[in-house]
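Read through the structure below, which is laid out as structure tokens, and then see the notes.
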Amino acid sequence: MGKGIVQKILEKHIVEGTWEPGKEIAIKIDQTLTQDATGTMAYLQFEAMGTPKVKTELSVSYVDHNTVQIGFENADDHKYLQSVAAKYGIIYSRAGNGICHQVHLERFGKPGKTLLGSDSHTPTGGGIGMVAIGAGGLDVAVAMAGGPFYLTCPNVIKVNLKGKLKPWVAAKDVVLKLLEIFTTKGNVGCVFEYGGEGVKTLSVPERATITNMGAECGVTTSVFPSDETTKAFLKAQGREKDWTELKADPNAEYFKEIEVDLSEIVPLTAYPHSPGNIKTVKELEGMNVDQVCLGSCTNSSYKDLMTVANILKGKHAHPNVSFVIAPGSKQVLQNITRDGGLTDLIAAGARIAESACGFCIGNSQSPKSEAVSLRTSNRNFLGRSGTKNANVYLVSPETAAAAVITGKMTDPRDLEKMGISYPYAKMPEKFYLDDSMFIYPPEHPEHIKIYRGPNIGDPPASLPMPESIAGEVTIKVEDQITTDHIIPAGAKMKYRSNVPKYSEFLFEVVDSKFYERAKKIKESGKANIFVAGLSYGQGSSREHAALCPMYMGTKAVIAKSFERIHTANLINFGIIPLTFRNEQDYTKIDQGDDIEIPDVKRVIGAGGMLKVKNKTKGIEFEVTYNLSDRQREIILAGGTLAYMKTKA
Ligand code: MIC
Ligand code: SF4
């Protein structure tokens, strides 16, 4: 039987287990990346492991999230990251160099390699044929220390692309189409592998947009073949030697195959407040637009910005539209400057923001109250923009440009009627290259002292699983609760290195009284228990969505289902993810209920079925858990760091 690309790459990296979809495997990680918002905790944990130097082929520490720096906290973290990078053999990408995923694709990604990143959009690297996976910081720390990464051997879904995109229709519309087909839930344990004749019609940045937003479907990663287009991209980056061809065997077998005809796709948008809410742009035509933001790791490439620059050449932003651009990297900014795009964008009234996450994470450019904001980013979760009652629509750069001109939601194909023809932005044969914002680690790092400002605190220690859990339900939430609901980013993200302080903002966007209740429960000696619906923990890889609950004394989350990265983070911090055996039991438990999970330690140790006693309601029901033997040991030890100590 032939093999697909994902199977070929993974099989080369498996160190425990074998290729058997659904079973746990461990793989060797070639490259890691971190970003500053998750990186500080990751490196604190790495330091705790006592490894003198990273053991990967390449590890890069990016600073791209917290670059607004109101107060000393972020600058302290950046200095800490710079010193850790120098000490342990990590390349440091300074603030201003760009968004980790864009920069990694440009300068370091290699077809056929594995990449683990402490950011959920790490699968961007799949655009050049990497198996690139997002994970919590602790998992990345383990990989840097030479440990393997554990994952469920994936069910690979082959997406056969046919045809060619029509003018004004973009890669963003392709991935929004996939979100319409697959939705944001129910895809845990799957990977998208792209193939078919349509692949060769897509450039690398287009492929990367598609793999980037596979994260929103909840798949482990998304991978494109590595072909002549990949080679040309790497050549333009001066890295032709990093290219290898990757293609699926003609008789490869997959878990499932679907066909997507690129020529049938039309401009799409994801309406508030989920990337899975898909409508055609036509359906929303005429809606007034207050803000347009172009950027984020999804759509901030040279091609994206040049396309918009060419559309807006000689035009001006509508008076009601605040138009912001955050180029994906310093390289993008330098190249659109070289090729004249920046001048056209500035002339059109663009506000040029730093090459960083910026608006995407809500730490700047929050829109006005009740605004309609069109963004080329990947997430429109409630409150993420920093304005809770704003309505964020995710769109392609083409649709964004159309709204800049008209001040309304406009199908970009209608720009033809205004005399604007579709400007195909060509990929340069050679990018202007400048690596001066990378700081390479010294050969002799002995003299390096780690800088620790007052914002840096040690990661809190977790407690082993007690014999039985006596707890109270702190909160009961609905389906599709994202990590942005659990712990906000934006302005609060500066406390990432200060867990006690950051914990005060848990569930803030859902329930402003949450922290007070959780604190009371903790002080009473009971465990905090959360109850949730389907697909709990969507979105970001931020381990603080598990670390802060752990700090507040949370021992279990009972949900209808969980998302992959968040499940791993819960386990890493000794919180057991439990699912209702019978989904109807969700109705039998409420906020404030007194709960007991008897004999939990023994039962998990033996791998048996757990019971939840609802003492307030005088009933009980069964819950299940899907943990490997290794994960059961981690849960019993109270988390991965504690477990590693038992193995040392
Ligand atoms: C995001 O897009 O939500 C983030 C901010 O990049 C997160 C990481 C974080 O919370 O620091 C992610 O996607 O993993
Ligand atoms: Fe940064 Fe936004 Fe990408 Fe997250 S999704 S890495 S915040 S640009």
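Side chains are part of it too, since the values below use all heavy atoms of this structure and drop only hydrogens, waters and symmetry mates. Start at 1 with the first residue, then count along the sequence. Both ligands and their constituent atoms are indexed starting at 1 by order of listing.
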**Prompt:** Which value, rounded to the nearest 0.5 Å, describes the distance between Gln35 atom CD and Asp64 atom CG?
**Reply:** 5.5 Å
**Asked** Any sub-3.5 Å donor-acceptor pair from Asp36's side-chain atoms to Asn66's backbone N or O?
**Response** yes
**Message:** Side chains of Asp139 and Asn572 only: does a donor on one sit below 3.5 Å from an acceptor on the other?
**Reply:** yes
**Prompt:** Hey, which atoms in ligand 2 end up nearer than 4.0 Å to a heavy atom of Asp119?
**Reply:** 6 (S)
**Message:** Tell me whether the NZ or CZ atom of Lys79 lies within the 45° cone about the ring axis of Tyr451 and under 6.0 Å from its centre.
**Reply:** no
**Asked** So which protein residues pack against ligand 1 under 4.0 Å, heavy atoms counted?
**Response** Gln35, Ala37, Thr38, His65, Asp119, Ser120, His121, Ile361, Arg379, Arg384, Arg496, Ser540, Ser541, Arg542
**More than 12 heavy atoms from other groups under 6.0 Å of CG on Asn626** = no
**Step-by-step ring-ring contact (aromatic ring centres under 6.0 Å, His included) determination, Phe192 to Phe182** = CA-CA 11 Å; Phe192 291 148; Phe182 286 96; 4.8 Å; yes
**Asked** Is a donor on one side and an acceptor on the other found under 3.5 Å between the side chain of Thr567 and the backbone of Glu563?
**Response** yes
**Asked** At a 4.0 Å threshold, what atoms of ligand 2 neighbour a non-hydrogen atom of His101?
**Response** 6 (S)
**Item:** Any donor-acceptor N/O pair, Thr209 side chain to Thr298 backbone, under 3.5 Å
**Value:** yes
**Message:** Side chains of Gln82 and Arg94 only: does a donor on one sit below 3.5 Å from an acceptor on the other?
**Reply:** no
**Message:** Measuring from non-hydrogen atoms of Arg384 to any atom of ligand 2, is the shortest distance under 4.0 Å?
**Reply:** yes
**Asked** Between the side chains of Asp30 and His13, does any donor sit under 3.5 Å from an acceptor?
**Response** yes
**Asked** So, does Thr387 use its side chain to make a donor-acceptor pair with the main chain of Pro367 at under 3.5 Å?
**Response** yes
**Asked** Excluding waters, which protein N, O or S atoms are within less than 2.8 Å of atom 2 (Fe) of ligand 2?
**Response** Cys360 SG
